[in-house]
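Data first, discussion second: the structure below is written as structure tokens.
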There are 2 protein chains.
Amino acid sequence: MAEVFEDAESVMAHLRALRQELLTTSIEPSGDQARSGLTAPQVGLIRSLVVEGSATVTELARRLSLSHSTTSGIVDRLQARGLVTREPDPHDRRYTRIEVTAPVQGYTREISEGPYGRLTRALDAASAAERKAVLEGLETLRALLSR
Amino acid sequence: MAEVFEDAESVMAHLRALRQELLTTSIEPSGDQARSGLTAPQVGLIRSLVVEGSATVTELARRLSLSHSTTSGIVDRLQARGLVTREPDPHDRRYTRIEVTAPVQGYTREISEGPYGRLTRALDAASAAERKAVLEGLETLRALLSR
DNA sequence: GTTACTTGTGTCGTATACGACGCGTCGTAT
DNA sequence: ATACGACGCGTCGTATACGACACAAGTAAC
């Protein structure tokens, strides 16, 4: 149990660092090209709307693996910028469909690479064995936790 | 490049889910035993103080792989609860040493398992090959990103 | 039809998390 | 001695992120 604890600390350090590198800094500061001032979750939400179609807040939360309240806040900020709209569903007034506004449609082509451009490029440059190691490691970890 | 993108989405989904399972829910709601109302970062910071000794805010930030401002905020909230103190260094007044208060010392034995109890137990129950797969996967991913 | 349950939404409070900024402090070069 | 750069700290503004809550709207039970 002793040395396993070091593994646990190592795993946590890896996950923290990966999150920082991928989730929070993947879009804006990498200097790739001039950007829009959007954060990774915001780009991910817009991208989901474009690629998988408009959806309700709850559906978006499910797609992005976020809670309802978090997703609602992201929609709030995008709506304040005029990038998405909330359209009440006439058939069932509980529903509110989130739609991207027209000006976003064109811009979206630029982000069709997804919010994970850096990760995608890294995986593309990796060997098949490396990709396999990455995916198997993550899958193994999750399987261990759900056991 | 096409199928690689699916790998990227898969990796991101794994990381998101792992973060939720480990970072945010590892301490409180697992029903292990009655808890203190402390969050995982708070427990991690206290644990670092006890195990590795008292330190400055910057040093703590480095240990926890967090930014200085985030760490300062966590110390703020722990200080408000009387769990840590800020002691100005008499030799160099730029420094402020963070110390755990006396009542915390005993309690700390209960959390010496670390904030990652669930992860530690999972890794302990895993085979050597599984542990290797997990660590290699994470290390490979980080190496790919820093290439 | 009225009641009870479910579902979807938005909001509130709190805790991370970061970069940017200003302030005080120390060492050092001028 | 003084100016200056480096360092540590705290604070601000903003964005994520969650659970808990209240409310509205539909559904089901009776």
Side-chain angles (χ1 to χ4, degrees), chain A residues 12 15-30 36-45 55-62 64-81 83 85-98 115, chain B residues 15-30 35-46 55-62 64-81 83-98 115:
Chain A
M12 291 307 297
L15 288 178
R16 243 194 222 112
L18 285 170
R19 173 183 166 76
Q20 286 181 359
E21 292 187 44
L22 293 176
L23 280 187
T24 67
T25 69
S26 63
I27 297 296
E28 195 54 50
S30 68
S36 49
L38 294 179
T39 65
Q42 290 172 352
V43 173
L45 191 146
T56 65
V57 173
T58 299
E59 164 68 10
L60 280 172
R62 196 195 56 73
L64 302 174
S65 302
L66 296 175
S67 77
H68 157 69
S69 54
T70 298
T71 310
S72 183
I74 296 173
V75 170
D76 283 349
R77 287 176 282 273
L78 289 175
Q79 187 178 17
R81 294 194 187 205
L83 301 181
T85 57
R86 285 173 145 103
E87 294 292 339
D89 187 322
H91 301 323
D92 187 336
R93 289 213 297 261
R94 288 176 302 181
Y95 288 72
T96 305
R97 292 207 76 76
I98 314 300
Chain B
L15 288 177
R16 242 194 221 112
L18 285 170
R19 172 183 165 77
Q20 286 182 358
E21 292 187 44
L22 292 176
L23 279 188
T24 65
T25 70
S26 63
I27 298 294
E28 194 56 50
S30 67
R35 283 308 192 175
S36 47
L38 295 179
T39 65
Q42 290 173 352
V43 173
L45 192 145
I46 290 180
T56 65
V57 172
T58 299
E59 164 67 11
L60 279 172
R62 195 195 57 72
L64 301 174
S65 302
L66 295 176
S67 76
H68 158 70
S69 55
T70 297
T71 309
S72 183
I74 297 174
V75 170
D76 282 350
R77 286 176 283 273
L78 289 175
Q79 188 178 17
R81 293 194 188 205
L83 301 182
V84 303
T85 57
R86 283 186 219 264
E87 295 290 339
D89 187 323
H91 301 324
D92 188 336
R93 289 213 297 262
R94 287 176 300 182
Y95 289 71
T96 305
R97 292 207 76 76
I98 315 298

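First the proteins, then the strands, lettered A, B, ... as listed; each starts at 1. As a basis for the values below, the full set of heavy atoms in this structure was taken, side chains included, without hydrogen atoms, waters or symmetry mates.
- No donor-acceptor contact under 3.5 Å links the side chain of A:H68 to the base of C:dG8.
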**Study point:** Pair A:L78-A:L38, side-chain contact (heavy atoms from CB on, under 4.5 Å): steps then yes or no
**Key:** CA-CA 9 Å; A:L78 289 175; A:L38 294 179; 4.1 Å; yes
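- For B:R86, the CZ atom counts as densely surrounded, since its 6.0 Å shell holds more than 12 non-hydrogen atoms of other residues, nucleotides or ligands.
- For the pair B:L78 CG and C:dA15 P, the computed distance is 10 Å after rounding to whole Å.
- At a cut-off of 3.5 angstrom, the base of C:dG19 holds at least one donor-acceptor pair with the side chain of B:S69.
- The distance from atom CD of A:Q79 to atom P of C:dT9 is 13 Å, rounded to the nearest whole Å.
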- Start with the C-alpha gap between B:T96 and B:V57, add the side-chain angles, then the distance that decides, and say whether side-chain contact (heavy atoms from CB on, under 4.5 Å) holds. CA-CA 7 Å; B:T96 305; B:V57 172; 5.7 Å; no
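- Computed from coordinates, the B:L64 CG to C:dA17 C1' distance equals 13 Å when rounded to whole Å.
- Note on B:R97: nothing from the nucleic acid sits closer than 4.0 angstrom, heavy atoms only.
- Across the interface with DNA chain C, nearest-nucleotide mapping of B:T71 and B:R94 shows B:T71 to be the residue nearer the 5′ end.
- In this structure, CD of A:E87 is placed 16 Å from C1' of C:dT9, rounded to the nearest angstrom.
- Proximity of B:S67 to the phosphate of C:dA17: no side-chain N or O atom is located under 4.0 Å from OP1 or OP2.
- B:S72 has no side-chain polar atom (N or O) that falls below the 4.0 Å cut-off from OP1 or OP2 of D:dC9.
- Atom-to-atom, CG of A:D92 to P of D:dT27 comes out at 6 Å; the value is rounded to the nearest Å.
- Here the side chain of A:R93 is nearest to one of D:dG26, C:dA17, D:dA17, namely D:dG26.
- With 3.5 Å as the limit, one finds no donor-acceptor pair spanning the side chains of B:T56 and B:T58.
- In this structure, CZ of B:R62 is placed 19 Å from C1' of C:dC18, rounded to the nearest angstrom.
- At the heavy-atom level, A:T96 lies under 4.0 Å from the strands shown only through sugar-phosphate atoms.
- The partner of C:dT7, taking Watson-Crick or G-U wobble pairs whose two distances both stay under 3.5 Å, is D:dA24.
- Along DNA chain D, the nucleotide nearest A:R77 and the nucleotide nearest B:D76 are compared for position; the residue whose nucleotide lies closer to the 5' end is B:D76.
- For A:T58 and B:I74, each mapped to the nucleotide of DNA chain C holding its nearest heavy atom, the one lying further toward the 5' end belongs to A:T58.
- Across all strands shown, D:dA6 forms a Watson-Crick or G-U wobble pair, both distances under 3.5 Å, with C:dT25.
- At a threshold of 4.0 Å, the pair B:R97-B:D92 does not count as salt-bridged, since none of the basic side-chain nitrogens sits closer than that to a carboxylate oxygen.
- Rounded to a whole Å, the CG atom of A:D89 is 17 Å from the P atom of C:dT7.
- Separating the CG atom of B:L66 from the P atom of D:dT16 is a distance of 19 Å, rounded to the nearest angstrom.
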